[in-house]
Amino acid sequence: MSVEVSELERSGRFYDSVVGALGWRRHVESDDQIGWGIVRPVFFASTRHAPSSGSGHICFASPGISGVKGAWEGGVENGGKDDGPPGQRPEYGATYYSAYLLDPDGNRIEIAVGAH
């Protein structure tokens, strides 16, 4: 999974804070891409192509509510915009808890725990 970004350093800080709260770390870093994951990189931010002007939606699974809150707070503090604060989403199931952000390029980021 990947997103094209306009400024790798800025997006790197944003995604470090979001996926870092979920236990992920950087595994790959070069002049034009960063890759994160737990054991190996599974998500990449890249400047190889023009950004998609905020048309994406990415959902990261969290192991718990504290991860959702930490990822959302970290994202807002590092260049993201609130697009739905942490909370229950009963329309997606009784145990679904999530938060939404817009990354620095306008892609919608969801952090969720529970069955969809």
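Below, all heavy atoms of this structure are taken into account, side chains as well, without hydrogens, waters or symmetry copies.
Listed for the S2 side chain is no donor-acceptor partner under 3.5 Å among the backbone atoms of F44. Within the 3.5 Å criterion, the main-chain N or O of F14 finds a donor-acceptor partner in the side chain of S17.
Relative to the ring axis of Y100, R108 places its NZ or CZ within 45° and under 6.0 Å from the centre.
Residues F43 and V3 meet the side-chain proximity criterion, which asks for heavy atoms closer than 4.5 Å. Looking at N78 and Y15, their side chains never come closer than 4.5 Å, going by heavy atoms from C-beta outward. Side-chain atoms of Y96 and P90, non-hydrogen and from C-beta on, never get closer than 4.5 Å to each other.
Cluster annotation: V28 is not connected to L8 through the hydrophobic network of ILVMFWY side chains, with a link wherever side-chain heavy atoms come within less than 4.5 Å.
P41 pairs with exactly one of H27, E29, Q33 by the side chain to side chain contact (heavy atoms under 4.5 Å, CB included) rule, that one being H27.
Summarising the geometry, atom OG belonging to S66 is positioned 9.5 Å from atom OH belonging to Y97; distances are rounded to the nearest 0.5 Å. Taking CD1 of I111 as the start and CG of L22 as the end, the distance is 7.0 Å to the nearest 0.5 Å. We find the CD-CD1 distance between E110 and I58 to be 11.0 Å, quoted to the nearest 0.5 Å. Rounding to the nearest 0.5 angstrom, the gap separating the OG atom in S6 from the CG atom in D105 is 3.5 Å. Distance check: S98 OG to Y92 OH gives 7.5 Å after rounding to the nearest 0.5 Å. To the nearest 0.5 angstrom, D103 atom CG is 9.0 Å from L101 atom CG.
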Working for ring pair (Phe, Tyr, Trp, His ring centres under 6.0 Å), residues W24 and F60:
CA-CA 11 Å; W24 294 30; F60 292 104; 5.4 Å; yes
Does I109 form a side chain to side chain contact (heavy atoms under 4.5 Å, CB included) with L102? I'd like the steps, not just the answer.
CA-CA 6 Å; I109 307 302; L102 296 178; over 6 Å; no
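Contact between V5 and A45 at its shortest, heavy atoms only, is CG1-CB, 4.2 Å. Residues C59 and A112 approach most closely at SG-CB, 4.0 Å, considering heavy atoms. Looking at every heavy atom in both residues, P86 comes nearest to W72 through CD-CD2, 3.5 Å. In plain terms, the two heavy atoms of G79 and P104 that are nearest each other are O-CG, 3.9 Å. Scanning both residues, N107 and E4, for their nearest heavy atoms gives ND2-O, 4.4 Å.
Remark: the D32 side chain and the T47 side chain contain no N/O donor-acceptor pair separated by less than 3.5 Å.
Ion pairing of D31 with R48 is absent here, as no side-chain N (NZ or NE/NH1/NH2) approaches a carboxylate O to less than 4.0 Å. For the pair R13 and E9, the salt-bridge criterion is met [side-chain N within less than 4.0 Å of a carboxylate O].
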